[in-house]
Protein chains: 2
Amino acid sequence: MTRATMRVMTTPPSAEPSIAPSAEAAAGPVDVEPAPAKRRRSVTRERLLDAASRVFAQRGIEGATVEEICDRAGFTRGAFYSNFAHKNELVVALLDREEAALFERLGGVVESALGYPNPIEALSQLLFEIAPFGVDNHLLRSELSLLAVRDPELAASYLASQRTFRERFGPFLESGLAAAGLRLTVPAGDAIDTLEAVFEASMRASIVAGRGPNPADTLARRMLPVLLAAISRPAP
Amino acid sequence: MTRATMRVMTTPPSAEPSIAPSAEAAAGPVDVEPAPAKRRRSVTRERLLDAASRVFAQRGIEGATVEEICDRAGFTRGAFYSNFAHKNELVVALLDREEAALFERLGGVVESALGYPNPIEALSQLLFEIAPFGVDNHLLRSELSLLAVRDPELAASYLASQRTFRERFGPFLESGLAAAGLRLTVPAGDAIDTLEAVFEASMRASIVAGRGPNPADTLARRMLPVLLAAISRPAP
DNA sequence: GTTGTTCGATACATTAGCGTACTCAATACG
DNA sequence: CGTATTGAGTACGCTAATGTATCGAACAAC
């Protein structure tokens, strides 16, 4: 019952393999895997973020407790406060990470945009491949935007994220449409906001209604083609 | 410092006029004003609901404490728990009340629907008269839908409210369109959900961005005509 | 090997907010 | 008028969650 003993028991309870000295090539992801031990810290951070993502999805941001996040990550609160100052900092960090992940997917899928028969359908399909990249993120963003209404600090982060999202997604959308011989009839920002709004509503609706996260028919699935048609017209 | 003294001090601190015995015709609203004293209770309830509405708007549902609501209403928690079983019951009660209020407005505005020159613009205008009947309600519904994702009890109430909203608003929308020589091209439910989603997003966006609740140009203001056009076509 | 540093664990103090039980005052009713 | 009922205030206990201060062990460098 020395602390060493306890540590062995608590550290890798049900998560990734332990971070033993020479486990460099071991662990799952294809990540850069930096200096073997020097970066335990960043591994811990990642695991906390992973856990946070799950717990947030389940309980919501406000509903989530730091403790549960730590438990799920296989750490104690000590580890948490050694890595983040507050819960909010965690939220922001998670937001950043998910955003990066989104753009990665976006990059990976962009080439498949071209050369479809029906342009609107193709674009819809495309959006479906990147947008519902997890209900969790939608819920997260949704709740975040709500929290941002009151918390100025979160608002700043949220707005920043929102802006880069628009900046990167706008061109994507426009080039997608262009490839289909279409162009936007409304400001790109509005188009994106509208699409996002419907996606969010759609997600929430299907969850609240108890249907699985993405059954074949959702509001978004039905409305997306209509919306895309509404905000574009054949390019001159 | 008998309790009587304290009561005098705490009861009407900064709210509506006190509920003295013969103050029947006194108080503000044009309400039915039932039996003079028999219904103190319902007055208390109303005041708690009013306060709750304000506090929720400011702090959010989860962020609001029962205590603050009571303070603002000029009561103590004793009064609260004498009127509501839980915070959730309050939330549901408030939801019901706001819904009723919405339909009242909807009734009052429906006649002005007819006989406009530009049908789409007219409808947009109409929706703007009933929809942003207060940012607060949008935030409330927004947060509620989020809470409903996790809380089955709230989900039930939310879904019920959602359903009656759709049932009453659908015909309204359809007849509005019909009067303009248009008909829906998508299911009414989808149309409503989409409009609502954009309204919500629009509200949140302008609040988060720090602009006032309804400046002349919002996402909704810009997109509503486009959306309406997208979901309707000339009737045969 | 020894030493220094870093990271995470343990334990604690504190706060806040909820819900309940009990009490008193005022009103309604006979 | 006196009694019963109801509505609101007061006080209390309890739980959950946060953040902090301290401690020990592993790793890295020399």
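Below, chains carry the letters A, B, ... as their sequence lines are ordered, and counting in each starts from 1.
Under the rule for a side-chain hydrogen bond (donor to acceptor under 3.5 Å, both in side chains), the partners of B/Ser145 that lie at least two apart in sequence or sit in another chain are A/Arg204. Legend: residues meeting side-chain hydrogen bond (donor to acceptor under 3.5 Å, both in side chains) with B/Glu46, ordered by chain and number and at least two apart, are B/Arg97.
Residue pairs meeting the side chain to side chain donor-acceptor pair (under 3.5 Å) criterion with at least one member in residues 78-91 of chain A, sequence neighbours excluded: A/Asn88-A/Asp151. Screening residues 56-65 of chain A for side chain to side chain donor-acceptor pair (under 3.5 Å) gives A/Gln58-A/Arg72, A/Arg59-A/Glu68 as the qualifying pairs, with residues at least two apart or on separate chains.
Note: CD1 (A/Ile69) to C1' (D/dA16) measures 15 Å, nearest angstrom. A/Phe84 has its CZ atom 20 Å from the P atom of D/dA17, to the nearest Å. Taking atom CG of residue A/Asn88 and atom C1' of nucleotide D/dT18, one finds them 13 Å apart after rounding to whole Å. A/Tyr81 has its OH atom 16 Å from the P atom of C/dT10, to the nearest Å. Look at CD on A/Glu68: it is 11 Å from P on D/dT18, rounded to the nearest Å. Remark: C1' of C/dT20 and CZ of B/Phe80 are 14 Å apart, rounded to the nearest angstrom. Counting to the nearest Å, the C1' atom of C/dC7 and the CZ atom of A/Arg45 are 14 Å from each other. As a whole-Å value, the separation of B/Glu62 CD from C/dG17 P is 13 Å.
When distances are taken from the side chain of B/Arg77 to each of D/dG9, C/dC18, D/dT18, the shortest belongs to C/dC18. Checking C/dG8, D/dT18, C/dG19 against the side-chain heavy atoms of A/Ser82 singles out C/dG8 as nearest. Closest to the A/Thr76 side chain, of the nucleotides C/dC18, D/dT18, C/dA9, is C/dA9. In the set C/dG19, D/dG19, D/dG9, the nucleotide with an atom closest to the side chain of B/Ala79 is D/dG9. Ranking D/dT18, D/dA8, C/dG17 by closeness to the A/Glu67 side chain, first place goes to D/dT18. Among the nucleotides D/dG19, C/dC18, D/dG9, the one closest to the side chain of A/His86 is D/dG19.
Distances shorter than 4.0 Å separate none of the side-chain N or O atoms of A/Asn83 from OP1 or OP2 on C/dC7. OP1 or OP2 of D/dA8 has at least one side-chain nitrogen or oxygen of B/Thr44 nearer than 4.0 Å.
An angle of 10°, rounded to 10°, separates the two end axes of the helix from C/dG1-D/dC30 to C/dG30-D/dC1, each defined over five pairs.
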Hey, can you pull the donor-acceptor pairs under 3.5 Å for the side chains in residues 166-173 of chain B, sequence neighbours left out?
residue  : atom : partner  : partner atom : Å
B/Arg166 : NH1  : B/Asp193 : OD1          : 2.7
B/Arg166 : NH1  : B/Asp193 : OD2          : 2.6

Report the C-alpha separation of A/Cys70 and A/Val66 in whole Å, then their side-chain angles, then the decisive distance to 0.1 Å, and conclude whether the side chain to side chain contact (heavy atoms under 4.5 Å, CB included) test is met. CA-CA 6 Å; A/Cys70 295; A/Val66 173; 4.0 Å; yes

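Atoms CG and CG, on B/Leu95 and B/Leu154 in that order, are 9.0 Å from each other to the nearest 0.5 Å.
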